[in-house]
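Letters go in sequence order (proteins before strands), and every chain restarts at 1.
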Amino acid sequence: MARIGVFVCHCGENIARTVRVGDVAQFARRIPHVAFSTDYAYLCSSPGQKILVDAVKEHGLTGVVVAACSPQLHEPTFRRATIQAGLNPYLCEIANIREHCSWVHHDPAMATPKACHLVVSAVERVRHARPLEPIKVPVTKRALVIGGGVAGIRTALDIANAGHPVVLVEKQPSLGGNMARLSETFPTLDCSQCILTPLMVEVARHPNIELLTYSEVEEVSGYVGNFKVRIRKKPRFVREGVCTACNACAKVCPVDVPNEFDMNLSWRKAIYIPFPQAVPSTYTLDAARCVNSTLESKSGYRVLACERCASDCNVKAIDFDMKPEIVEREVGAIVVATGYRLLLGEQAEECGYGKFPDVVDGLEFERMLSASGPTGGEVRRPSDGKVPKDVVFIQCVGSRDPRHGVPYCSRVCCMFTAKHALLFKHKVHDARAYVFYMDIRAGGKGYEEFVQRVMEEERVLYIRGRVSRVLSRNGKLIVFGADTLSGQQVELKADLVVLAAASIPSSNGDLASKLRIPADAHGFFQEAHPKLRPVETLTAGIYLAGAAHAPKDIPDTVAQASAAAAKGMELFSKPMLCREPITSQVNEAACSGCFECQRVCAYGAIERKEIRDRKGELVRVVARVNQAMCEGCGVCTAACRSGSIELCGFTDDQVFAQLGALGPLPAAAAR
Amino acid sequence: MDSAATPLAQAVDASASAWQPHIIAFVCHWCTYAGADMAGTTRRIYPPNVRILRFPCTGRMSPLFILRAFEQGADGVLVSGCHPGDCHYVQGNYFARRRFAVFRALLEFLGVDPRRLQFSWVSASEGVKWARVVEEVTQGVRDAGPISPWGRVQDHGRLALVRFASPADQAGRRPGEDERAPVLAELRRAASELLSSGRISRLIGYGESSLPGKIVPVFLDNVADASVLAWTDGCSANLAAYLPAAMRSGKVGIIVKSCDSKAVVGLLQENQIRREDVVLIGVPCTGVRVNGRLASKCFNCDGQVSPLCDLSAGGARPAAAAMGVQVAVPPDVRDADVGYIESLPLLDRWNFWQNQFARCLRCYACRAVCPLCYCETCIAEKHRPQWISTSIDGKGNTAWNVVRAFHLAGRCIGCDECSRVCPANIRLDLLNRRLAIEVERRFGYRAGQDAVASPPLASFRQDDSEEFIR
């Protein structure tokens with residue numbers, strides 16, 4: 001005979017405001033098999049947990065229902081308390097009466113019965129639950145970091161410094177990401193490359209880091225502690241470790257290509273190194289642009305039209321026969337740090353982007369300011385190379401615009417625009433700088449002071465309002481805007497316009513699907529909880545760092561990167577991981593051996609088992625679940641017509657009991 | 001305890017004055033459950049009528065759970081999972097999408113208002129969408145009104161409205177008696193040969209019964225018995241139903257018509273028989289008669305011997321198509337009846353089927369005669385939990401007939417044996433046919449054609465249509 005205890009949490013006012021918790025506890029006492037019920041202000045507190053533990057012991061409870069917040073938050077807490085009370089943790093069930101009830105309903109007269117329903121459903125679930133023992137699995141103490149920007153670099157270094165091997169995968173030929181493109185960083189104005197490149201070199205020289213540049217993650221399988229990753233290494237046609245980056249090949253290469261690293265403001269050759277401090281310091285032959293455009297031909301029949309680079313290479317590092325390579329690695333944790341790119345959409349076009357060469361985005365202007373940039377740090381406009389005197393900076397181009405851009409704030413634009421204006425004024429002393437802004441959001445250490453300094457000391461004119469359009473007249477750009485503070489239309493003549501375009505995630509939905517982690521409507525990866533688990537994803541063992549999660553500045557990115565590393569190391573600190581014992585089991589006596597379950601299983605966990613009689617004659621063949629491979633999705637159970645497969649923790653018995661308890665209200669009240 | 005003091009008692013008072021939709025939501029733990037949490041965290045207010053049941057994946061949700069929810073008095077059911085491509089378990093939602101598409105069609109055919117059974121994809125970040133979906137679904141169910149008691153006819157007077165047009169007896173081919181004598185001779189010869197050579201230890205065929213003109217299945221172990229074999233237009237039984245059991249005692253020969261051979265394909269596909277242990281003797285069939293009329297299944301069947309067969313009894317008739325002759329295939333006459341039912345208003349449909357199911361005796365003759373109902377233990381006999389009530393009442397009968405039809409979706413080869421043997425004359429053939437149409441239209445799949453094909457509900461395409469999902 002089951003004796004279930006029901007514990008109803010007030011969560012301060014959070015639940016008690018809309019759900020009459022006392023009534024719910026009183027109701028629970030009337031549910032069959034409930035031996036005890038109570039309510040308490042904060043069950044998750046230690047006195048709250050003590051109430052649970054004591055009640056189990058005092059009343060001889062065989063199962064526990066906690067009606068409180070979402071199981072995503074405190075299920076582990078109450079499961080631990082259940083263990084402390086001497087019960088199996090899987091005999092504890094959470095009724096989510098906060099996120100799913102009190103927070104989404106106004107009327108206590110409706111919310112209270114709903115809470116009662118959720119409780120009675122949870123009671124039925126526990127009553128039909130069986131004690132389960134966690135499955136112990138080993139942990140592969142190696143991490144995969146996807147993305148070699150500052151976030152990925154920091155994570156990789158932290159984990160590697162802790163003594164664990166790391167595989168760092170970067171899509172581009174070099175580490176560095178967007179940060180390598182920046183000139184100076186706000187608000188301290190240290191040189192971006194000067195602080196980043198030492199880290200890049202450290203990564204390259206670290207004995208625990210395996211650096212795979214020019215590579216992409218192709219497939220991820222497995223689960224926390226035991227992921228299997230397939231990585232595709234694109235051929236760079238130059239042997240790493242042999243190349244000395246002497247630049248002899250590029251000197252003779254006949255093909256000029258816009259340099260992506262310089263945001264297409266300069267030229268590179270088909271064989272190139274993105275920037276001098278690139279890591280690895282190896283040239284890359286851009287197969288798509290090389291004269292020998294059929295370098296990757298599968299037929300194997302190839303005529304080389306140009307071999308100048310190879311013949312001029314002193315160390316013979318160039319290998320036209322290089323093939324894409326698939327690298328397979330087993331890792332225990334994955335950190336996603338794929339970063340951001342700029343959205344240059346409808347709004348940017350209205351501001352003349354793509355139409356006038358002298359309308360540039362923030363990253364292009366960074367390259368124009370950078371000492372390593374195409375102009376060597378002198379600000380010269382792209383159209384005619386003249387030094388601009390009047391520069392208009394436009395903020396929120398695409399950001400905070402649900403209709404034409406993205407609804408969110410890109411967070412870094414206010415600051416980098418102030419920085420841009422300051423650096424520009426420092427470089428061109430007699431210049432005038434104007435900033436169109438919606439609001440100034442300078443919430444960071446030293447940020448507000450920095451913006452004030454730009455406004456007051458550098459005499460940059462800030463105009464509150466939006467720009468309607470940008471035209472070109474007599475070699476000047478005309479910026480039409482509104483000054484919403486004075487209520488006047490503004491028309492400014494400019495030599496250069498810089499757009500603070502919205503940040504969007506650089507990865508497309510592809511990676512989210514491969515990793516099976518959720519992304520929000522804009523493609524940013526979703527954290528497990530916005531406050532409490534900001535670097536974890538809902539998939540155990542996969543963590544987030546940097547702007548792939550949401551727009552972030554460098555300090556926040558680095559902080560999150562270290563946090564993600566810490567999460568990975570936490571995983572690696574245990575010799576064995578406990579896996580949820582939610583796996584399928586076959587009732588062999590009832591199995592008819594149609595193997596529909598095998599057809600639907602994504603993990604190959606269903607095996608054929610031969611049943612033989614005493615003489616060794618084959619009687620029949622039935623399905624059997626390999627517990628080590630079963631992930632517990634339960635797709636097989638619903639495929640089985642005879643109901644011969646059960647998913648532990650989500651048995652048919654439990655579901656039917658819940659459905660039985662969830663009859664319409666009058667029936668439930670008649671109990 | 002004073003019941004008036006309990007909140008539920010108060011709620012009952014409220015619900016007595018104003019009906020509130022009662023909706024059960026089956027949601028996936030990884031997406032919609034978290035999305036509903038997100039709605040809570042961001043305080044999106046939505047109607048309090050939905051009760052969430054958490055599952056690890058939509059793929060775990062047996063469509064039969066929906067049936068139970070309705071049985072228990074739910075006015076509506078919402079199923080919500082991960083967007084295609086986002087499944088935590090790679091592909092669970094793709095299988096779920098197929099299962100639910102078929103199950104939904106079945107319930108709609110039975111007269112369940114489609115507003116009562118809704119589907120959505122809601123991701124972990126779509127708290128706003130979850131709130132909107134709950135609002136829309138609640139409104140839909142509210143518009144549909146309180147559900148009529150499950151398993152009961154609503155308005156008896158309206159039953160008279162259902163009148164099937166009787167299939168035109170004259171249309172289509174008539175059984176040609178003259179062709180049957182040589183076929184029978186060939187059958188007897190083949191049977192003797194197989195049995196005497198020891199290639200098979202048993203032959204399943206048709207024989208005369210003690211009642212004049214009545215044909216029964218016969219199981220021959222001796223060569224001498226070959227003369228018992230018969231071949232008339234009364235040979236309607238699908239002998240493949242006996243095959244899995246018969247094969248336990250050695251190699252078996254079996255006489256198969258065109259329709260029967262499709263059932264053999266199904267059994268091969270589902271690992272119930274080994275091809276090398278069975279000898280298929282195909283008979284060219286000119287159609288069978290049920291109750292004196294040409295059976296519905298025969299109208300659009302060419303009666304050809306399946307290429308799967310090892311032997312053909314007098315079947316030297318090459319298919320017309322093989323000779324390059326265009327043969328107009330007459331439409332399946334059952335489709336007219338299916339179409340007629342679908343043309344009825346939902347209430348009439350519901351009443352028609354409830355009236356049909358009310359007659360069900362739960363004799364399970366439909367199951368016994370079906371070649372694809374081969375389970376060791378049928379779910380109808382399963383206890384703990386009991387999926388299907390054994391009581392011969394509206395709920396139990398509806399559950400049995402819904403489960404039977406759903407379990408045959410994409411598998412039924414349309415031999416109509418179930419409806420032929422049904423002592424209560426329930427139109428089981430129409431249920432099967434409706435789902436066969438749905439499976440063919442959605443997945444381009446026809447049962448009984450290919451022994452190595454993956455069954456439609458055990459496979460998926462990423463671009464399967466999902467017009468019914470929000």
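- Residue contact with chain B, scored on non-hydrogen atoms closer than 4.5 Å, is absent for A:R98.
- At a 4.5 Å heavy-atom cutoff, B:P244 makes no contact with chain A through either its backbone or its side chain.
- Residue contact with chain B, scored on non-hydrogen atoms closer than 4.5 Å, involves the side chain of A:Q526 exclusively.
- Interface remark: A:D510 contributes no atoms to any contact with chain B (heavy atom separation under 4.5 Å).
- Side-chain contact between A:H105 and B:Y46 is present, with at least one heavy-atom pair separated by less than 4.5 Å.
- Looking at A:S102, neither its backbone nor its side chain comes within 4.5 Å of chain B, counting heavy atoms on both sides.
- Summarising the geometry of B:Y89 relative to A:E631, their closest heavy-atom pair is CE2-O, 3.6 Å, with the distance given to 0.1 Å.
- If you measure heavy-atom distances from B:R411 to chain A, the contacts under 4.5 Å come from the side chain alone.
- Of the atoms belonging to A:C69, not a single heavy atom falls under 4.5 Å from chain B.
- The backbone N or O of B:A39 lies less than 3.5 Å from no partner atom in the side chain of A:H100, so there is not a single donor-acceptor pair.
- Scanning all heavy atoms of the two residues, the minimum distance from A:A521 to B:S125 falls at N-OG, 4.2 Å.
- In this structure, chain A has a heavy atom under 4.5 Å from the side chain of B:F95, while its backbone stays farther away.
- Heavy-atom pairs under 4.5 Å with chain B peak, among A:L118, A:I582, A:D520, at A:D520.
- In terms of heavy-atom pairs under 4.5 Å with chain A, the best-connected choice from B:S62, B:C82, B:P455, B:G127 is B:P455.
- In terms of heavy-atom pairs under 4.5 Å with chain A, the best-connected choice from B:C57, B:C87, B:A458 is B:A458.
- Considering only heavy atoms from C-beta on, A:H106 comes within 4.5 Å of B:I45 through its side chain.
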The test is salt bridge (Lys or Arg N to Asp or Glu O under 4.0 Å); show your working for B:R54 and A:E75 and say whether it passes.
CA-CA 14 Å; B:R54 183 165 61 125; A:E75 192 174 64; 3.6 Å; yes
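- The heavy-atom pair separating B:G40 from A:V104 by the smallest distance is CA-CG1, 3.6 Å.
- Within the 4.5 angstrom heavy-atom criterion, only side-chain atoms of A:E646, from C-beta onward, approach chain B.
- More than 12 heavy-atom neighbours from other residues, nucleotides or ligands sit within 6.0 angstrom of CZ on B:R68.
- For B:V50, the part lying under 4.5 angstrom from a heavy atom of chain A is the backbone only.
- The greatest number of non-hydrogen atom pairs below 4.5 Å with chain B, out of A:C101, A:G634, A:C640, is found for A:G634.
- The CZ atom of A:R641 sits 6.0 Å away from the SG atom of B:C375 when rounded to the nearest 0.5 Å.
- Of the atoms belonging to A:C591, it is backbone heavy atoms, and not side-chain ones, that fall under 4.5 Å from chain B.
- Of the listed residues (A:G593, A:S121, A:P108), the greatest number of heavy-atom pairs within a distance under 4.5 Å of chain B belongs to A:G593.
- Within the 4.5 angstrom heavy-atom criterion, only side-chain atoms of B:I24, from C-beta onward, approach chain A.
- Both the backbone and the side chain of B:Y33 come within contact range of chain A, judged by heavy atoms closer than 4.5 Å.
- Atom CD of A:E596 is separated from atom CD of B:Q269 by 9.0 Å, given to the nearest 0.5 angstrom.
- Heavy atoms only, all atoms of each residue included: A:G643 and B:I379 are closest at N-CD1, 4.0 Å.
- Looking only at heavy-atom pairs under 4.5 Å with chain A, the residue among B:D86, B:T58, B:T41 that has the most is B:T41.
- With rounding to the nearest 0.5 angstrom, the CG atom of B:L67 is 10.5 Å from the CG atom of A:L659.
- Per-residue heavy-atom pair counts under 4.5 Å with chain A were compared for B:L53, B:L267, B:V403, B:N49, and the maximum is reached by B:L53.
- Within a 6.0 Å sphere centred on CZ of A:R130, other residues, nucleotides and ligands contribute 12 heavy atoms or fewer.
- With B:D37 contributing its side chain and A:E99 its backbone, the two residues share no donor-acceptor pair below 3.5 Å.
- No donor-acceptor pair closer than 3.5 Å links the side chain of B:K382 to the backbone N or O of A:S644.
- The parts of B:R384 that come within reach of chain A are both its backbone and its side chain, each placing non-hydrogen atoms under 4.5 angstrom from that chain.
- Contacts of A:A519 with chain B are made by backbone atoms alone, with heavy-atom separations under 4.5 Å and no side-chain atom involved.
- Judged purely by atom type and a 3.5 angstrom limit, B:Q272 uses its side chain to pair as donor or acceptor with the backbone of A:S592.
- Taking both residues in full, the closest heavy atoms of B:F55 and A:F650 are given as CA-CE2, 4.0 Å, listed atom of the first, atom of the second, then distance.
- Ranked by heavy-atom pairs shorter than 4.5 Å toward chain B, the options A:S513, A:S642, A:P518 are led by A:S642.
- Listed options B:N271, B:T42, B:T377, B:L457 were ranked by heavy-atom pairs under 4.5 angstrom with chain A; first place goes to B:N271.
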Please determine whether salt bridge (Lys or Arg N to Asp or Glu O under 4.0 Å) holds for the pair B:R60 and A:D652, giving the CA-CA distance in whole Å, both sets of side-chain angles, and the decisive distance to 0.1 Å.
CA-CA 10 Å; B:R60 166 69 186 96; A:D652 295 333; 2.7 Å; yes
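- Scanning all heavy atoms of the two residues, the minimum distance from B:H88 to A:T539 falls at CE1-OG1, 3.4 Å.
- In this structure, A:N587 CG and B:E376 CD are separated by 10.5 Å, a value rounded to the nearest 0.5 Å.
- With a 4.5 angstrom heavy-atom cutoff, A:A590 touches chain B via backbone and side-chain atoms both.
- In this structure, a donor-acceptor pair under 3.5 Å is present between the side chains of B:R51 and A:H117.
- Only the backbone of A:A589 has a heavy atom closer than 4.5 Å to any heavy atom of chain B.
- Residue with the most contacts toward chain A among B:Y94, B:F65, B:W30: B:F65 (heavy-atom pairs, distance under 4.5 Å).
- Proximity to chain A involves both the backbone and the side chain of B:H29, based on heavy atoms less than 4.5 angstrom apart.
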